[in-house]
Amino acid sequence: MQFNSSAFVMLFLPLMLVIYYATPCKYKNLALLGSSLVFYAWGEPVYCFMLIISLIVNHIFGKYIAESEGGNKKLFLIISIIFNLGVAAIFRYSAFLCISLREFISLFWMGLGSFVPVVEFGLPFGVAVYTIQAISHSVDIYKGAPRRESFVDTGLYLAFFPQLIMGPAMKYNSMIPQIENRDHNLKNISEGLLRFSIGLIKIVLVANNLKLVVDGIFSLTKTSLSIAISWTGVICLALQVIYEFTGYVDMAIGLARMFGFVLPEEFNNPYGARSVTDFWTKRWRISISEWFKEYVYIPLGGNRKVGDNENSRIWVYINMGITIFLCAIWHKASWVAILVGIYFGFFLMIEKTRRAQRIKEKFSGKVGRVLGNIYAVAVVILGWMMLRVDSVSQLWTFLKAMAGFGYINTRMGIREFFDNESFIICVIALVFALPFTKTLLSKLYAKIKEKLPMFDKIFRPAYAVVVALILAFTLLSLNSGENGVFEYFRY
């Protein structure tokens, strides 16, 4: 079940809210855990039993880690990590490894690769986020975080349905205080509903319309690609990615807020990044980046090997390389994802060099910030293209067309890919995705509020009314079956 499905919006969510707030306080966590399992079983009935078994096993591991000392404590931690990584590997990577082995053997012994069986168990949704939270559960308890005796509390942390599909990923020691105690009031429900509505609008009205344009342009032959069409496709792809991801996370944060939880922000004006490092560490999938930094990069050694000796910096690059590889393969089990990870890793490592640091210091003013933003966005958009194209030749075709070496005499124009509605939506989406729009709107809001003290009281209700009207149109799109499939599941 997806958050942008009519079954979830019209049936599951209203029913869940009624049940949750009708349940006595001491049983609310149980009601949430039960609802989370129902949510998971709706789309994955077979894997739901495996999820329950995994919850039980992780709860037991947490008990042994908390109660053991010395070598046994570390042993149980290692076994717990191996168990969770093993489960993820079986379902997420078995087919990828088998196919890769088959192709590798075929390179040297033609035909023998076909004898390698392809073992494929399917891909339970949420396994990526679930795995890193399960590891956080074991590691944080090992480091001294208080363990919850209740299986319900452990299960709720691992399987809380708003964040089960794609996060934000919460660390165990950050989530447990909210599981123990949180506020239930009308303000949380109203603010959560507003945030959920904004996310739903982003996906159904914005991202889905952009997806139609992107699919249309990326399906063209090279003889139909002009410089205008290629740039339109790439810009719409960049907008589609950001509105799908931020929209789904908005819905997750809004849902959690309705039940009293405050999840961390996952995005911070992504296309306002001034470097690739800035993009991946402070603006895009922030909770995932922090998790890999805390649980992978720092334990490997992080930046601690940096010194006056230039050779000591090799360890920094090795640590970064391992972290980037694991992050790439976490996103998707494919060689394309690994290559894109290497691509981004190259720029991350370059930005760590002393020469890059000196260049950054030299252009530290406004011009430097603008140039840094153009560079970062260009690198990121090319990365999205690498994930979207079907082949290297198609990527090369698009790059040539964008550089002005496409088919200038093509009779096809960019308006052929838009109707009036989608064109207006695309323009508005572009305006709000620009790196300076958020800053300008914040300054404008502050100035108006300063001159008109009553503006804040008028703006918030008016804003809610506008969102409600747009939401009504969005719900009609859900009923007509135009909600589509979230692009994230491709990756």
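Since the structure is predicted, the reported quantities are computational estimates derived from the model, not experimental observations.
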So, does [X] use its side chain to make a donor-acceptor pair with the main chain of [Y] at under 3.5 Å?
| X | Y | result |
| --- | --- | --- |
| Ser190 | Lys187 | yes |
| Glu351 | Thr277 | yes |
| Ser174 | Met170 | no |
| Thr437 | Ala433 | no |
| Lys28 | Tyr20 | yes |

Any side-chain heavy-atom pair of [X] and [Y] under 4.5 Å:
| X | Y | value |
| --- | --- | --- |
| Asn268 | Lys282 | no |
| Glu265 | Ile286 | no |
| Val336 | Met386 | no |
| Leu77 | Val139 | yes |
| Tyr27 | Val152 | no |
| Val9 | Leu13 | no |
| Trp330 | Phe292 | yes |
| Leu399 | Leu382 | yes |

When the ring planes of [X] and [Y] are compared, do they come out parallel, tilted or perpendicular, using 30° and 60° as the limits?
| X | Y | answer |
| --- | --- | --- |
| Phe8 | Phe196 | tilted |
| Phe259 | Tyr21 | parallel |
| Phe61 | Phe83 | tilted |
| Tyr157 | Tyr172 | perpendicular |

What's the spacing between [X] [atom1] and [Y] [atom2] if we round to 0.5 Å?
| X | Y | atom1 | atom2 | value |
| --- | --- | --- | --- | --- |
| Ser275 | Ile350 | OG | CD1 | 13.0 Å |
| Thr323 | Leu348 | OG1 | CG | 10.5 Å |
| Gln240 | Trp384 | CD | CH2 | 11.5 Å |
| Gln133 | Gln163 | CD | CD | 4.5 Å |
| Ile53 | Asn58 | CD1 | CG | 12.0 Å |
| Thr246 | Ile203 | OG1 | CD1 | 8.0 Å |

Task: Evaluation steps, side-chain contact (heavy atoms from CB on, under 4.5 Å), between Lys171 and Glu294 - done: CA-CA 10 Å; Lys171 300 171 188 175; Glu294 180 171 339; 2.5 Å; yes
Task: Side chains of Asn188 and Asp183, donor plus acceptor under 3.5 Å - done: no
Open item on the list: Assess, by modelled atom type and distance only, whether the side chains of Tyr295 and Asp140 contain a donor and an acceptor separated by less than 3.5 Å.
Closed with: yes
Open item on the list: Apply side-chain contact (heavy atoms from CB on, under 4.5 Å) to residues Phe432 and Val206 and explain how you reach the verdict.
Closed with: CA-CA 12 Å; Phe432 280 95; Val206 182; over 6 Å; no
- [ ] Could you point out which residue of Tyr40, Tyr130, Phe261 forms a ring-ring contact (aromatic ring centres under 6.0 Å, His included) with Phe160?
- [x] Phe261
- [ ] Could you list the residues that satisfy side chain to side chain donor-acceptor pair (under 3.5 Å) with Arg148, not counting sequence neighbours?
- [x] Asp153, Glu180
What are the two closest heavy atoms between [X] and [Y], and how far apart are they?
| X | Y | answer |
| --- | --- | --- |
| Thr23 | Ala31 | OG1-CB, 4.0 Å |
| Phe3 | Leu200 | O-CD1, 4.2 Å |
| Leu205 | Ile425 | O-CD1, 3.4 Å |
| Trp291 | Ser136 | NE1-CB, 3.9 Å |
| Tyr297 | Met320 | CE1-CG, 3.6 Å |
| Ile179 | Asn29 | O-ND2, 3.1 Å |

Task: Salt-bridge present (Asp215, Arg388; N to O < 4.0 Å) - done: yes
Open item on the list: Between the side chains of Lys211 and Glu244, is the shortest nitrogen-to-carboxylate-oxygen separation below 4.0 Å, so that they form an ion pair?
Closed with: no
Open item on the list: Taking OH in Tyr64 as the centre, count heavy atoms belonging to other residues, nucleotides or ligands within less than 6.0 Å. Is the count above 12?
Closed with: no
Task: Stepwise ring-ring contact (aromatic ring centres under 6.0 Å, His included) check, Phe279 with Phe347 - done: CA-CA 11 Å; Phe279 179 85; Phe347 290 98; over 10 Å; no
- [ ] Might you work through the side-chain contact (heavy atoms from CB on, under 4.5 Å) test for Val87 and Thr131, ending with a clear yes or no?
- [x] CA-CA 8 Å; Val87 171; Thr131 300; over 6 Å; no
Open item on the list: side-chain contact (heavy atoms from CB on, under 4.5 Å), that's the test. Do Leu430 and Leu239 meet it? Break it down for me.
Closed with: CA-CA 7 Å; Leu430 177 61; Leu239 295 175; 4.0 Å; yes
- [ ] If a pair satisfies side-chain hydrogen bond (donor to acceptor under 3.5 Å, both in side chains) and one of its residues is in residues 70-82, list it, with sequence neighbours excluded.
- [x] Ser80-Ser138
